[in-house]
Protein chains: 2
Amino acid sequence: MLGVTEDLALDGRQLGKRGAATRRRLLDATSQLLESRGIRDLRVVDIAREVGTSPATFYQYFRDVEEAVLVLAAEVGEESAPLLQLLTGDWQGPVGLEKARRLVDGFIVFWDAHRAVLRTRNLAAQEGDQRFRNVRNSSLRPVTEALARIVPPGELSPIAAASALVAMMERMAAFHIDLESLGASRADVVETVAQIVHRTVTAS
Amino acid sequence: MLGVTEDLALDGRQLGKRGAATRRRLLDATSQLLESRGIRDLRVVDIAREVGTSPATFYQYFRDVEEAVLVLAAEVGEESAPLLQLLTGDWQGPVGLEKARRLVDGFIVFWDAHRAVLRTRNLAAQEGDQRFRNVRNSSLRPVTEALARIVPPGELSPIAAASALVAMMERMAAFHIDLESLGASRADVVETVAQIVHRTVTAS
DNA sequence: CGGGAATCTGACGCCACGTCAGGTCACCTG
DNA sequence: CAGGTGACCTGACGTGGCGTCAGATTCCCG
């Protein structure tokens with residue numbers, strides 16, 4: 001689907017143990033370097049040096065830096081799956097509110113763990129890159145759809161409401177650190193966003 | 001504040017009529033090209049060719065492509081000011097709901113008019129560029145603060161709630177076109193987001 | 001131990017960047 | 001209107017990362 005598999009190099013040859021290890025080290029270096037700079041300033045030569053290999057080696061496994069980040073984004077995206085377990089059953093009352101808190105908290109933990117890759121994924125998706133859009137959708141669509149199933153149809157469009165809530169949660173997860181300087185603690189953010197989610201989902 | 005003035009070239013000389021016109025044409029070309037590609041693929045040589053001048057001329061006015069986009073972002077950011085007029089008075093009841101609708105609609109109109117520049121502004125801000133963060137904050141902080149003043153303190157942190165709502169509105173304005181293919185029309189988005197905003201602002 | 005596949009890399013042509021010296025243009029002044 | 005001053009423009013160039021390829025090296029298996 002991504003045009004990138006785990007088992008083949010770009011020239012089509014089978015990947016052995018050594019090749020797989022090199023590929024992994026290149027990915028890890030890419031992920032690490034992405035935390036200290038934007039993708040625009042991430043040079044193949046830097047990644048190669050970090051791994052202790054030559055730039056030409058990088059091109060054995062990835063077409064360009066973007067493609068390496070795409071692989072990372074696909075890997076990371078799957079870690080949002082556990083959030084789906086919260087989006088089941090009855091969301092009315094205090095039990096639902098607690099689920100909302102855990103959902104919001106889960107978003108923040110997810111983002112804190114993979115901030116650099118997720119930021120870059122959304123950036124590329126927003127710039128129109130279809131591959132990154134697909135990866136982003138694969139990660140968020142199940143959450144959005146599960147949430148939409150919980151929103152009662154009425155004045156609100158379930159799809160629009162679920163999309164809006166996911167957008168809000170994702171954005172707050174991405175930004176919550178900046179809010180501290182404005183006087184909103186992490187706990188404030190979780191509680192407030194959870195309240196908005198819960199009220200939207202349970203209101204008539 | 002931006003380290004970029006309207007009256008001086010980068011070498012410090014005074015800008016005359018011809019220089020100001022060239023600078024403006026470079027900015028317009030940058031804005032236009034930004035609509036068909038991401039900033040990563042926007043070359044100085046393309047902007048120069050579009051204007052019918054040489055790359056060296058570009059560097060008379062801007063340090064790099066990013067700086068030209070920064071100027072555009074600062075210009076565009078000021079157009080969000082009219083939204084502040086809606087964030088006054090009483091937001092209870094149907095009058096408040098109508099204000100919410102206009103606020104959400106205003107966000108969407110704003111984004112539809114300046115999608116490329118706003119997208120790039122947020123992208124650079126998210127990547128940590130402080131200059132773009134400042135420009136983004138200058139545009140959104142007044143809206144966020146005005147909204148926070150309307151949210152009654154209680155279970156919700158006004159600051160967190162206002163930030164979350166602004167995040168939601170901005171994101172929906174950026175994404176609403178993609179939602180059409182999921183079955184949520186522009187009208188659905190406006191109404192649904194307006195409802196969420198209104199309910200959050202008026203609930204106990 | 002031989003051989004073939006997998007893996008790595010030095011070397012290279014290409015292109016955009018960003019600078020600078022020097023040329024051109026516009027306006028003002030006498 | 002001639003001359004000159006400063007604003008404006010650009011051709012030419014050094015730099016550095018990109019992406020490729022041929023050939024060298026390493027690994028693994030029979």
Side-chain angles (χ1 to χ4, degrees), chain A residues 3-30 33-34 36-71 120 124 129 131, chain B residues 3-30 33-34 36-71 120 124 129 131:
Chain A
V4 178
T5 77
E6 300 269 331
D7 305 306
L8 295 179
L10 288 183
D11 59 8
R13 71 165 201 273
Q14 199 73 20
L15 270 200
K17 202 164 65 173
R18 187 163 57 131
T22 301
R23 192 183 117 109
R24 177 36 59 191
R25 278 187 295 140
L26 287 168
L27 284 173
D28 292 343
T30 302
L33 288 172
L34 212 50
S36 61
R37 65 187 85 181
I39 191 175
R40 282 191 317 248
D41 304 315
L42 192 49
R43 318 240 170 269
V44 169
V45 68
D46 296 328
I47 300 172
R49 181 162 35 222
E50 182 77 15
V51 169
T53 185
S54 77
T57 297
F58 180 92
Y59 291 102
Q60 297 248 330
Y61 300 98
F62 309 103
R63 244 174 286 274
D64 49 32
V65 173
E66 220 170 68
E67 188 174 282
V69 176
L70 182 69
V71 172
T120 310
D129 189 308
R131 302 172 303 170
Chain B
V4 178
T5 76
E6 300 269 331
D7 305 307
L8 296 179
L10 288 183
D11 59 8
R13 71 163 201 273
Q14 199 73 17
L15 271 201
K17 200 164 67 174
R18 186 160 61 129
T22 301
R23 193 183 115 108
R24 177 36 60 190
R25 279 186 295 139
L26 287 168
L27 284 173
D28 291 343
T30 301
L33 288 172
L34 211 50
S36 61
R37 65 186 84 181
I39 190 174
R40 280 187 321 237
D41 305 315
L42 192 50
R43 319 238 174 270
V44 169
V45 68
D46 296 328
I47 300 171
R49 180 163 35 225
E50 183 74 18
V51 169
T53 184
S54 79
T57 297
F58 180 92
Y59 290 103
Q60 297 247 331
Y61 301 97
F62 310 103
R63 243 176 287 276
D64 49 33
V65 172
E66 221 170 66
E67 189 175 282
V69 177
L70 182 68
V71 172
T120 309
D129 189 308
R131 302 172 301 171

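Each chain gets a letter, A, B and so on, in the order the sequences are listed, and its residues count up from 1. All values below come from the heavy atoms of this structure, side chains included, with hydrogens, waters and symmetry mates left out.
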task: Looking only at non-hydrogen atoms, find the nearest pair between B:A48 and B:S54 and report the distance.
output: CB-C, 3.6 Å
- prompt: Which heavy atom of A:R23 sits nearest a heavy atom of A:F62, and at what distance?
  reply: CG-CZ, 3.7 Å
query: B:L34 pairs by side chain to side chain contact (heavy atoms under 4.5 Å, CB included) with which of B:D41, B:V65, B:L42?
result: B:L42
field: Beyond-backbone contact of A:R40 with B:I39, side-chain heavy atoms, under 4.5 angstrom
entry: yes
- request: Begin from the C-alpha positions of A:E50 and A:I47 and carry the test side-chain contact (heavy atoms from CB on, under 4.5 Å) through to its verdict.
  value: CA-CA 5 Å; A:E50 182 77 15; A:I47 300 172; 5.6 Å; no
- line: When rounded to whole Å, the CG to P distance for the pair A:L26 and C:dT7 reads 13 Å
field: CD on A:E67 to OG1 on A:T30, rounded to 0.5 Å
entry: 11.0 Å
query: How close do B:A68 and B:F58 get, heavy atom to heavy atom, and via which atoms?
result: CB-CZ, 4.1 Å
Scan nucleotides 26-29 of chain C against the protein and return all N/O pairs shorter than 3.5 Å with their distances rounded to 0.1 Å.
none

- prompt: How close do B:R131 and B:D129 get, heavy atom to heavy atom, and via which atoms?
  reply: N-OD1, 2.9 Å
- request: Write down the distance between CG (B:L15) and C1' (D:dC8), rounded to a whole number of angstrom.
  value: 10 Å
task: Report yes if a side-chain nitrogen or oxygen of A:Y59 is closer than 4.0 Å to either non-bridging phosphate oxygen (OP1 or OP2) of D:dT20; otherwise report no.
output: no
message: Show the nearest heavy-atom pair for residues B:L26 and B:Y61, with the distance to one decimal.
response: CD1-CD1, 3.8 Å
- request: Indicate whether OP1 or OP2 belonging to C:dC8 is found under 4.0 Å from a side-chain N or O atom of A:Y61.
  value: yes
query: So, A:R49 and A:D46, do they make that salt bridge, N to O below 4.0 Å?
result: yes
Below 3.5 Å is the cut-off: list the nitrogen or oxygen pairs between protein and nucleotides 10-12 of chain D, distance only.
residue : atom : partner : partner atom : Å
D:dT10  : OP2  : B:T53   : OG1          : 2.4
D:dT10  : OP2  : B:S54   : N            : 3.2
D:dT10  : OP2  : B:T57   : OG1          : 3.1

task: Using heavy atoms and a sub-4.0 Å distance, could you list which residues of residues 36-50 of chain B are near DNA chain C? By number, please.
output: B:R43, B:V44, B:V45
